[in-house]
Amino acid sequence: QVKFLESGGGSVQAGDSLRLSCSASGRTFLSETWSWFRLGPGNEREFVAAISRRGGAADYAGFARGRFTISRHNANNTINLQMNSLKPEDTAVYYCVATMIPITQPSAKNWKTYSFWGQGTQVTVSS
């Protein structure tokens, strides 16, 4: 069993920044790719960003590139998502997840690939 605990969400104004954190427990040492997804109102879960197990590779959704930065800290099994220049359309519940699939595989960006999900953290951006 793998468990994820996300934190750092909140209510901010457009243009502000937030830093999300995720701690994981369980058999996460087998995971090759760690990702953030989000679920906005009335939407399907969408890929935000991913990072490889050793932190050497990262990938971003188009809307996140240039504004969001994903990072990981292997020593304490956490990943972070620094979000800058937030927009109202970034309003969503953000989740961190992990998979054994390498970051280079397209399926790593598909939420259906991931089996275990935490409660997520709410991000609300007002204009």
Side-chain angles (χ1 to χ4, degrees):
Q1 185 81 16
V2 177
K3 294 183 178 180
F4 300 96
L5 181 62
E6 303 91 343
S7 62
S11 296
V12 297
Q13 297 290 318
D16 286 350
S17 299
L18 280 175
R19 184 177 178 84
L20 307 184
S21 294
C22 172
S23 61
S25 60
R27 298 172 63 85
T28 55
F29 62 90
L30 296 176
S31 300
E32 279 296 321
T33 302
W34 295 66
S35 302
W36 285 95
F37 282 78
R38 69 184 187 183
L39 178 61
N43 296 330
E44 191 173 77
R45 291 178 183 183
E46 64 177 342
F47 171 76
V48 178
I51 191 166
S52 61
R53 179 165 57 92
R54 297 187 183 277
D59 197 6
Y60 297 90
F63 65 81
R65 195 168 289 117
R67 297 191 300 131
F68 296 180
T69 302
I70 189 171
S71 60
R72 65 172 297 132
H73 302 276
N74 291 329
N76 54 6
N77 223 18
T78 61
I79 62 170
N80 299 302
L81 185 69
Q82 176 67 40
M83 304 189 297
N84 299 329
S85 303
L86 284 163
K87 304 175 181 180
E89 51 264 43
D90 294 319
T91 295
V93 179
Y94 285 72
Y95 302 87
C96 74
V97 285
T99 178
M100 294 176 61
I101 295 174
I103 194 173
T104 53
Q105 295 299 310
S107 57
K109 298 181 182 180
N110 188 335
W111 67 270
K112 296 178 182 179
T113 296
Y114 299 84
S115 300
F116 302 103
W117 295 79
Q119 294 299 309
T121 185
Q122 175 71 49
V123 171
T124 303
V125 185
S126 55
S127 57

Taking all atoms of both residues into account, what is the closest heavy-atom pair of [X] and [Y], and its distance?
X	Y	value
P41	T91	CD-O, 3.8 Å
T33	A108	CG2-CB, 4.4 Å
C96	E6	N-OE2, 3.0 Å
S17	S85	OG-N, 4.2 Å
A64	V48	CB-O, 3.7 Å
Q122	T124	NE2-OG1, 3.3 Å

Are [X] and [Y] connected in the hydrophobic side-chain network, where two residues link if heavy atoms are under 4.5 Å apart?
X	Y	value
Y95	V125	no
F37	V2	no
V93	L20	no
F4	M83	yes
V12	L81	yes

Are T113 and Q105 close enough, and set up right, to give a side chain to side chain contact (heavy atoms under 4.5 Å, CB included), and what steps lead you there? CA-CA 11 Å; T113 296; Q105 295 299 310; over 6 Å; no
Any chance the rings of F68 and W36 have centres within less than 6.0 Å?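 Judged by ring-centre distance (under 6.0 Å), F68 and W36 do not meet the cut-off.
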Chi angles and distances behind the side chain to side chain contact (heavy atoms under 4.5 Å, CB included) call for S21, H73: CA-CA 11 Å; S21 294; H73 302 276; over 6 Å; no
Has T121 got a side-chain atom pairing as donor or acceptor with G9's backbone, closer than 3.5 angstrom? yes
Euclidean distance, [Y] [atom2] relative to [X] [atom1], rounded to 0.5 Å:
X	Y	atom1	atom2	result
L86	S126	CG	OG	10.5 Å
Q119	S7	CD	OG	13.5 Å
I79	S35	CD1	OG	7.0 Å

Applying side chain to side chain donor-acceptor pair (under 3.5 Å) as the test, list every pair that has at least one member in residues 55-70; sequence neighbours left out.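 For residues 55-70, and leaving out neighbouring residues, the side chain to side chain donor-acceptor pair (under 3.5 Å) pairs sorted by first residue read D59-K109, R67-D90.
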Please walk me through it: do F116 and K3 pass side chain to side chain contact (heavy atoms under 4.5 Å, CB included)? CA-CA 7 Å; F116 302 103; K3 294 183 178 180; over 6 Å; no
Between the side chains of N80 and Q82, does any donor sit under 3.5 Å from an acceptor? no
Is NZ or CZ of R38 both nearer than 6.0 Å to the six-membered ring centre of W111 and within 45° of the ring axis?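 Cation-pi check for R38 and W111: fails.
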Do [X] and [Y] come close enough that some side-chain heavy atom pair is under 4.5 Å?
X	Y	result
P88	Q13	no
E32	I101	no
R72	W34	yes

